[in-house]
Structures are given as C-alpha cells and as structure tokens.
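These figures come from a predicted structure and were not determined experimentally. Because only heavy atoms are used, hydrogens play no part in the values below, and waters and symmetry mates are left out as well, while side chains stay in. Residue numbering restarts at 1 for every chain, and letters A, B, ... go by the order of the sequence lines.
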There are 2 protein chains.
Amino acid sequence: MSEPRRKGNQAHTQEVRISILKAAFSVFSHGGFNGSSLKQVAAKVGISEAGLLHHFNSKVALLNAVLEYRDSVSAEVAETAIKKGLAFPLDWYQVIANTAKNPDVIMFFAVMSAEATNPDHPAHSYFKDRYLRVTNVLAEGFAGMREAGQIAPEIDPEQAAKTLIAISDGLQVQWLLNKNVDLLQGQKDYISLLSAG
Amino acid sequence: MSEPRRKGNQAHTQEVRISILKAAFSVFSHGGFNGSSLKQVAAKVGISEAGLLHHFNSKVALLNAVLEYRDSVSAEVAETAIKKGLAFPLDWYQVIANTAKNPDVIMFFAVMSAEATNPDHPAHSYFKDRYLRVTNVLAEGFAGMREAGQIAPEIDPEQAAKTLIAISDGLQVQWLLNKNVDLLQGQKDYISLLSAG
DNA sequence: GTCTATAAACCGATAGAC
DNA sequence: GTCTATCGGTTTATAGAC
C-alpha cells in the first residue's frame, strides 16, 4: 500500500508478520489478552519486543490483526464445507470437527470470548458482533430444517441457534478442563431431540 | 485459631475481611484474575494495598479465599432450595434464577472458568473439580427423572448433565455480550425436549 | 490493623544505532 | 527490519513507623 519495495523484502516481511500472528494466537490462547505479554510472543517468534512492535504498533493492534487473521482462516474452512455440498447441520459439524483438531483454537475462543464480555476489553465489540453473526447463520439453518419438515414447526429457529451455540461453547470449556467430554455428541443429540419432538 | 484477642477486634477484622472478599469478587468479575489488580480491590474497599495484604498474604491467597467464600454462599442457596422441598429440575432453576439476580456472579464464573482452563491458572484445579461435582449432582437428578419415567430411558444422565451445564454456561456468555438471551428458557426447553423424546 | 515508602520485577512502547 | 537501551508506568509484595 505504501512505497514499492523489492519483492524479496515484501515477501520476507509478510512471512514474519504471519509467524508473529501464529505465535500471538498461541500465546493468547493460553493466557487470554490480559494474561499474555508481548515478551512471550516475541520469544516464541525468536525476535525482540521492539522487532515485534515494528510490525504491529501496539498490543491491541496485534490482537485485532490476530482476530482478522483467524477470520480469514474460518472463511476458508466454511468455503470448503460449501464446496463439499454440505448443508446444515452437516456443515456446522464440519466446522466443529475442524476446530477440534487444534486445541489452541478452542482455547483462544473460549478464553477470549469470556474475557471480552467486559465492555472495556479491546475485543468486546468483535465478539458481540461475532455472536450475532453466527446466531443468524444457524437460525437460518434451523429455519430451513423446519421448512423441510426435519424439525417440529413449534421450534423457534433463533432460540435453537442460541442454544446450539451455547452447547458448543459450554462443552468446549468443560473439555478444556476435563477431557471427558465429546465436543460433537452433545450437539448431535440436541438436534436429534429437535427432530424427534 | 491463633492467640485469643479482644472480641471487638476480632469482629472488626472479620468485617474488613468480608468487605475485601466482596470487593475482590466484584473486581475479579469484570477483569478476571489476570486483568485485575490489588490496587483496584483496595480502592474499592477504601484501604491501601498494604492494608489489604495484611488480611490476605498474596493475590493468589485472596483468590482462593474468594472461591471459598462463594462456595459458602452457594451452599446457602442450595440449602434454601432443599428446605423449600424443591426437587430436580426445579431446584436447579432456583439456583440459576438466584444467580441471575446478580450479574457479577454470572460474570465471575464465566470469565474465571474460561481463564482457569489454563493449567497454570491458580484456580485451575478448583474449576476442574467444580465441573465434576456439578456434573454428578445433575446426572443424579436426570437419573431420578429417568427412573420416574419423566424422561426417555435411552437418555444418558451424564451426557444430559454435561449438556445442561453447557447450555447454562454458554447462554451466560451470550447474555453478557448481548442481553438478547433468556438465561432460563433455553434450559427449560432442553429438559422439555428430553421429556417429549 | 493500617499506613507510607520502597523494593524488585515486569509491562507496553519509544529512540536511535546498525 | 532488527537490534540494544531506556523511559515511564504498573505490578505484587515487603519493611517499618504509628
């Protein structure tokens, strides 16, 4: 976007940026935003704090970049589900199963979304919007199932969406504390119940 | 426990201790453990940091005392539900409804349980145990309903317990971010579904 | 029991050399 | 682009006067 440079430098800068984002994601996963320091992130990348701050002006800027980076990854996952021709709720299971492959992803969103309930948290509005967005997507999914006669007509799609998200989030916290939980089963059971009702 | 003192001093000390615990609970509710400082707690009580540390030797000791204090409050709530002769799931609804009266309580457990998924967190084992304990209580409740023919025989009480806790926890996070969620309805709907299935 | 003062470490961020 | 050095602020915790 700024002055043009040698392609070699641009490529290298981009590589470092991404390695910082990955390291920050991992560090934030364990300690949240408040419980993590730039020193930890820098150490994980193998550079100095000042070196890190050359790529991201502040800790908050780094967090925002991490959130943006994760969104692009999520979009990719969603796209492949669409390409496979999966319809709700199968595409949703696909997303969860994909998430479960990387515990850091589960930790990040569990810890960060709870931390971000504080209105002063830098990611507050991000998670606020995120929940509304995901709720709408799932509510549309349930509405489609209702039209297709796959779930009872008296089910409120929006309420079902919020509940499914709650089950997903809640089981993830339990899973992080005690690994005696199946992340998918509870959600499948719930949708089965909706179908049987 | 140590040397005996004047009753007047003891009473005053106890009062200050409890006011510190209440202040700490409120501060931790908003920022979690990592995002809160002793300065904030001390300011809320109206004493100095050193004054606070006279009553609790360290920040971790304060957190442990807060958790212990909350357990005693919870036990009190559970007892009154028992005295009212409420059986599962009505007693559980009672606990949730009571919790919902104080948003700080919801914030505290939502933020702290997520933060405590980190094995290095001082409250890690507390929340680990807490989930196992609550899961057992609710699983017994569902087992009782199954024996009484109130839910289908093929329902797994433990899985249902974990799911109900997940719904409760998950909806609380959503409620903290966007107040467009009913904390009780999702849980009542779920148990209704189990009964109908 | 509460205070002031302070230690010692860590934090995010900046300045400037290379 | 990365580094060392450093500033200014905050953190938990201690020492010691009252």
Could you list, one pair per line, each protein nitrogen or oxygen that sits under 3.5 Å from a nitrogen or oxygen of nucleotides 5-12 of chain C, together with the distance?
from	atom 1	to	atom 2	distance (Å)
C:dC11	OP1	A:Ser37	OG	3.4
C:dG12	OP1	A:Lys59	NZ	3.1
C:dG12	OP2	A:Leu38	N	3.0

Quiz item: Using a cut-off of less than 4.0 Å, is there contact between a side-chain N or O of B:His54 and OP1 or OP2 of C:dG1?
Solution: yes
Practice problem: Starting from C1' on D:dT10, measure out to CG on A:Asn34 and report it in whole angstrom. | Solution: 14 Å
Practice problem: Could you tell me whether the phosphate oxygens of C:dT2, OP1 or OP2, come under 4.0 Å of any side-chain nitrogen or oxygen in B:Ser48? | Solution: no
Exercise. Taking side chain to side chain contact (heavy atoms under 4.5 Å, CB included) as the test, write out the residues that go with B:Thr80, two or more places apart.
Key: none
Using residues 56-68 of chain A as the side-chain source, report each donor-acceptor pair under 3.5 Å to any protein atom, sequence neighbours left out, with the distance given to one decimal.
from	atom 1	to	atom 2	distance (Å)
A:Ser58	OG	A:Ala61	N	3.1
A:Lys59	NZ	A:Phe33	O	2.9
A:Lys59	NZ	A:Ser36	O	2.7
A:Asn64	ND2	A:Val60	O	3.4

Quiz prompt | A:Gln150, CD: over 12 other non-hydrogen atoms inside 6.0 angstrom | solution = yes
Can you give each donor-acceptor pair under 3.5 Å made by side-chain atoms of residues 94-105 of chain A, sequence neighbours left out, with the distance rounded to 0.1 Å?
from	atom 1	to	atom 2	distance (Å)
A:Thr99	OG1	A:Val95	O	2.8
A:Asn102	OD1	A:Asp104	N	3.1
A:Asp104	OD2	A:Ser26	OG	3.4

Quiz prompt | OP1 or OP2 of C:dT2 under 4.0 Å from side-chain N/O of B:His55 | solution = yes
Exercise. Enumerate the residue pairs fulfilling ring-ring contact (aromatic ring centres under 6.0 Å, His included) with a member in residues 147-194 of chain B, sequence neighbours excluded, ordered by first and then second residue.
Key: none
Self-check item: For A:Tyr131, ring-ring contact (aromatic ring centres under 6.0 Å, His included) partners two or more places apart
Solution: none
Self-check item: Value in whole Å for how far the C1' atom of D:dT14 lies from CZ of B:Phe56
Solution: 18 Å
